[in-house]
Amino acid sequence: MYFEEEEFSTQFNGQTIRRIGRLLIPHWKWVVGFVSMIAAVALLDSIFTYISKLIIDEGIVAQNIPRLNQLVGIYFSLIFVSAAAVFGFIYLTGILGERIRYEMRRDLFNHLQELSFSYFDKTPVGWIMSRVTSDTERIAELITWRLLDITWGVMSIGSSVIFMMLINWKLALVVALIVPVIVIVAIQFKKRIIVQFRLVRKMNSKVTGAYNENITGVRVVKALVREDRNMQEFDELATSMYKAGYRAAWLSALFLPAVQIIAALAMGAVIWYGGLQARTGEMTIGGIQAFISYLVFMLWPIQELSRAFAEMQQAIASAERTFSLQDAKADVVDRPHALDPGTIRGDIRFENVDFYYEKGKPVLKNFNLHIEQGETIALVGPTGAGKSTIVNLLCRFYEPKEGRIRIGGLDYTGLTLHAIQSRVGIVLQTPHLFSGTIRENLRYGRLDATDSEIEIAAKLAHAHEFIVETDKGYDSEVGEGGNLLSVGQKQLVSLARAVLANPDLFIMDEATSSVDTVTEALIQQGMDELMRNRTSLIIAHRLSTIKRADRILVIEGGGISEAGTHAELIRQRGHYYNLYTNQFRQELGRQYAVA
């Protein structure tokens with residue numbers, strides 16, 4: 001099942017264009033600069049054509065050499081002015097485009113960091129990456145080079161019409177009749193082109209998502225020999241995108257010949273009517289030549305406008321999706337007047353908490369729990385029972401649908417997100433390391449940590465031993481996602497990172513389930529050091545790691561079915577007893593098989 005994004009099927013009403021235009025407001029000086037430059041170039045091109053008319057009529061035909069020399073001198077002087085204007089608009093447009101790209105991607109990155117977990121739960125990475133990369137590129141192209149094309153085209157056509165009116169207003173009216181026809185043609189093509197480009201952008205998101213999943217899951221793909229099936233599924237997506245792109249390209253290609261045919265008919269009318277006027281003396285040879293030049297000169301801007309218009313439809317489709325990402329709202333935000341008490345040490349209470357990810361499918365129901373300051377709580381139970389949900393709620397990645405959570409006697413929705421999340425240390429089952437060195441990853445949660453503090457934290461987490469054995473020690477690269485380290489080594493680095501952050505609340509989410517027993521023992525020693533005098537929650541499948549917890553809670557059916565110490569729960573011979581003894585038998589069986 002692929003992520004189904006919002007449909008953008010409404011008629012284009014200019015709202016998206018206005019929103020794109022607002023991106024230019026902070027850079028209005030640059031915009032005015034390059035628009036003025038391109039307008040000057042378009043005007044000078046028309047002036048060159050008019051001077052050519054004067055050269056023919058007043059210089060060559062009249063055999064007036066001084067006038068000819070004067071006009072030629074003016075012509076070449078203006079060439080240098082035009083060249084300077086061309087340099088100016090290319091330079092200014094390039095700089096403006098880079099500024100727009102930078103700001104859009106920076107703002108999107110910041111916005112993504114503010115969104116809640118629920119957004120990333122339902123939105124594929126490929127969709128997001130497509131918005132941040134290719135779609136922002138199209139928007140930047142639209143508001144720089146396409147704006148340049150439109151400005152140049154409009155100014156060129158407008159100045160050409162003005163000069164034609166100066167030469168012969170009757171003949172200019174004949175040319176002016178083609179404008180409404182082109183507008184009608186453009187409107188009809190616009191309606192069809194934008195539909196196809198919207199579909200292209202939608203399919204592009206799915207294709208990008210397929211790439212992302214196939215690359216990140218390449219080991220599973222090869223292990224399960226899924227290459228052929230994945231290729232079939234990808235081919236269906238790529239084919240749909242190809243067909244939509246083909247239809248858009250076909251309509252865009254058809255637009256240009258339609259414009260050329262209209263322009264050719266207009267040129268034929270100009271030559272015929274101009275020839276009749278030349279016989280009566282109403283038109284000069286230079287005037288006819290200038291009219292034909294202006295008409296040809298108008299044809300190129302019209303073609304550029306049609307191309308820019310087609311690309312504008314594609315950019316609008318990209319903008320709609322990018323703006324939909326920008327408009328996404330975080331589910332969990334700071335309340336008005338939220339405060340930071342400086343610590344989250346104190347008792348934690350879940351009071352009648354209800355929570356669900358999907359309506360009608362409750363995960364926690366009327367959940368109550370009291371955790372004393374400094375207490376170590378272990379959560380066990382079947383998959384999907386709600387163990388990780390309890391942790392996510394406590395970290396305020398999500399908030400209760402009903403009920404409340406108190407920390408130190410305060411409703412935690414009255415605290416800032418930073419107040420809570422900056423004082424929580426988490427070690428996950430699959431730890432994530434960022435590209436860079438081991439030292440940079442350890443310092444990730446506490447940027448002001450000294451090298452000495454980093455080394456102390458690594459020793460407490462029992463990560464120092466393997467780190468110093470690497471080629472460059474703490475300056476060794478970990479690779480993308482930490483792929484240059486083993487799972488156990490990544491887990492030790494993750495634990496050391498949590499130790500260095502010195503959190504008020506420590507959480508271990510099945511952190512030892514994927515490592516060997518030797519590494520598990522090292523992690524356990526590091527955990528014991530970190531949990532001393534600190535409120536801690538442990539989610540574990542390996543029950544041997546939680547025997548020393550102050551309390552073990554068995555989570556079932558959205559609530560707590562059993563609670564007590566390891567010894568107390570074993571004596572009760574309930575669900576925990578069955579889980580523990582079954583796991584113990586399996587471990588003995590493996591040991592016996594090895595023996």
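Below, all heavy atoms of this structure are taken into account, side chains as well, without hydrogens, waters or symmetry copies. This one's a predicted model, so the numbers in the text were calculated from it and none came from an experiment. The residues of the chain are indexed from 1 along the displayed sequence.
Put simply, CG on D448 and CZ on R443 are 9.0 Å apart, with the number rounded to the nearest 0.5 Å. Summarising the geometry, atom NZ belonging to K490 is positioned 7.5 Å from atom CG belonging to L485; distances are rounded to the nearest 0.5 Å. Within the model, atoms CD1 of I538 and NZ of K387 stand 14.0 Å from one another, a figure rounded to the nearest 0.5 Å. Rounding to the nearest 0.5 Å places CZ of R247 at 10.5 Å from OH of Y242. With rounding to the nearest 0.5 angstrom, the OH atom of Y356 is 12.5 Å from the CG atom of L364. To the nearest 0.5 Å, the span separating CD1 on I128 from CZ on R131 amounts to 10.0 Å.
For the pair R19 and E320, the salt-bridge criterion is not met [side-chain N within less than 4.0 Å of a carboxylate O]. Between E440 and R497, none of the side-chain N atoms (NZ, or NE/NH1/NH2) sits under 4.0 Å from a carboxylate O, so this pair counts as no salt bridge. One finds no salt bridge joining D411 and R335 here, because no Lys/Arg side-chain nitrogen approaches an Asp/Glu carboxylate oxygen to under 4.0 Å. A salt bridge does not link R138 to E141: none of the charged nitrogens lies less than 4.0 Å from a carboxylate oxygen. With respect to R439 and D475, a salt bridge is recorded, a charged nitrogen being found less than 4.0 Å from a carboxylate O.
Judged purely by atom type and a 3.5 angstrom limit, R534 uses its side chain to pair as donor or acceptor with the backbone of P503. A distance-only check finds no donor-acceptor pair linking the side chain of H27 to the backbone of I100 [under 3.5 Å]. With hydrogens and angles ignored, the 3.5 Å screen pairs a side-chain donor or acceptor of D504 with a backbone N or O of I344. Of the possible donor and acceptor atoms, none in the side chain of T437 sits under 3.5 Å from a partner among the backbone N and O of S476. The closest donor-acceptor contact from the side chain of T136 to the backbone of R101 lies at 3.5 Å or more, if one exists at all. Remark: side-chain polar atoms of H111 are paired, donor with acceptor, to backbone N or O of A328 under 3.5 angstrom. Within the 3.5 Å criterion, the main-chain N or O of G97 finds no donor-acceptor partner in the side chain of T144. Counting only distance, with no hydrogens or angles, the side chain of R396 and the backbone of L415 share a donor-acceptor pair below 3.5 Å.
Annotation: E375, atom CD; neighbour count of heavy atoms from other residues, nucleotides and ligands within 6.0 Å is above 12.
By the 30° and 60° cut-offs, the orientation of the rings of Y580 relative to H566 is perpendicular.
Side-chain contact check for L112 versus V132: some heavy-atom pair is nearer than 4.5 Å. Contact annotation: the side chain of E453 approaches that of L500 to within less than 4.5 Å [non-hydrogen atoms, C-beta and beyond].
Between Y357 and Y398, a ring centre-to-centre spacing shorter than 6.0 Å is recorded.
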